[in-house]
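Worksheet: the structure to be examined is printed underneath.
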Amino acid sequence: MKKITLIFAMVVMATVSAFAQLENPVTWQYAAKKTGKNEATLYIKANIDGNWHIYSQNIKPGGPNKTQFAFTPSKDFSLVGKTLEPKPITKYEKVFKMDVSYFENEVVFTQKIKLNKAATTVKGKVEFMVCNDTSCLPPSEVSFSIPVK
C-alpha cells in the first residue's frame, strides 16, 4: 500500500510540475517607430491571457514584483525619460494587504529614445510577475531585440 501511495504522489507531483512549466499566460510583442530624424519610440506590448494580470512599474515595496525594463547600453541611442505605461487598474489585494496597480488583457509600454545613428537595434529585458485570483507564477524575465530603422 505504501508503494502505491508513493507512486501516486510522485505521478501527481510530476504532472503538476510539468503543467506549471507549460503555463505562460503572457506573450510579448515589440515595435519601433521613428518620430523624428533623431528620435524614435519603442512599443513593448504584453498580451495577457484570461483572468491573469501583470503589475505596474510603480508598485510599492512589500507588494508583488513590479514590471521592470532594463535596456542594454549602446552608443547608437540614449533613453529619453522613463518607460511609460497607461493608467493601471488599482485595487486592494488582501494577500499583499495593500493597494496594487496592474494590467489585464493587454498593455503597451513606451520608451522614447534619441538616435545617434540612423538605424540600430535596441536590446534589453523585461522582468514581470503574473497572477490571477488564486495564484501567482514566479517572476519571469524575457529578453527583447527591437530593430529601429
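Just so it is clear, the structure is predicted and the values come from calculations on it, not from any experiment. Note that the numbering runs from 1 along the sequence shown for the chain.
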Does the side chain of I89 come within less than 4.5 Å of F103's, by heavy atoms? no
In terms of side-chain heavy atoms, does S140 have a donor or acceptor partner in E127 at a distance below 3.5 Å? no
Any salt bridge between E39 and K112, counting N to O under 4.0 Å? no
Could you tell me if the ring centre of F128 sits under 6.0 Å from that of Y102? no
Is there side-chain contact between F77 and V122, with heavy atoms separated by less than 4.5 Å? yes
So how far is it from T121 OG1 to D76 CG, rounded to the nearest 0.5 Å? 8.5 Å
So which atom in F144 and which in A70 form the shortest heavy-atom distance, rounded to 0.1 Å? CZ-O, 4.3 Å
Using atom types as modelled and distance alone, determine if a side-chain donor or acceptor of N65 lies under 3.5 Å from a backbone N or O of M129. no
W28 CH2 to K45 NZ distance, which is reported to the nearest 0.5 Å: 12.0 Å
Between S101 and T90, a side-chain donor and acceptor under 3.5 Å: yes
Tell me whether V126 shares a hydrophobic cluster with V107, the cluster being built from Ile, Leu, Val, Met, Phe, Trp, Tyr side chains joined at under 4.5 Å. yes
So if you build clusters from Ile, Leu, Val, Met, Phe, Trp, Tyr with side-chain heavy-atom gaps below 4.5 Å, do F71 and V142 land together? yes
When rounded to the nearest 0.5 angstrom, what is the spacing between CE in M98 and NZ in K60? 6.0 Å
Measure across V26 and A46 and return the closest heavy-atom pair with its distance rounded to 0.1 Å. CG1-CB, 4.0 Å
When you group the ILVMFWY residues by side-chain heavy-atom contacts below 4.5 Å and let the links chain together, are I48 and F69 in the same group? yes
Answer yes if the ring centres of Y43 and Y30 are under 6.0 angstrom apart, and no otherwise. no
In terms of relative ring orientation, are H53 and Y55 parallel, tilted or perpendicular, with 30° and 60° separating the classes? perpendicular
Report the distance from atom OG of S56 to atom CD of E85, rounding to the nearest 0.5 Å. 3.5 Å
Indicate if F109 and L42 have the same hydrophobic cluster label, given that clusters are the connected sets of ILVMFWY residues with side-chain heavy-atom separations under 4.5 angstrom. yes
When you check the side-chain N and O atoms of T83 and Q111, is any donor under 3.5 Å from an acceptor? yes
Between I44 and I146, does the side-chain contact (heavy atoms from CB on, under 4.5 Å) criterion hold? Intermediate values first, please. CA-CA 9 Å; I44 304 170; I146 308 169; 4.2 Å; yes
CD1-OG distance between I113 and S78, expressed to the nearest 0.5 angstrom: 8.0 Å
Give, for atom CG of N38 and atom CG of L115, the distance between the pair rounded to the nearest 0.5 Å. 6.5 Å
Answer whether the closest heavy-atom distance between the side chains of P88 and V100 falls below 4.5 Å. no
Is there a path from V95 to I59 through hydrophobic residues (I, L, V, M, F, W, Y) whose side chains come within less than 4.5 Å of each other? yes
Can you establish whether the number of heavy atoms outside K34 located under 6.0 Å from its atom NZ is more than 12? yes
With heavy-atom distances below 4.5 Å as the criterion, would you say the side chains of N47 and Q29 are in contact? yes
K123 vs S143 side-chain heavy atoms within contact, under 4.5 Å: no
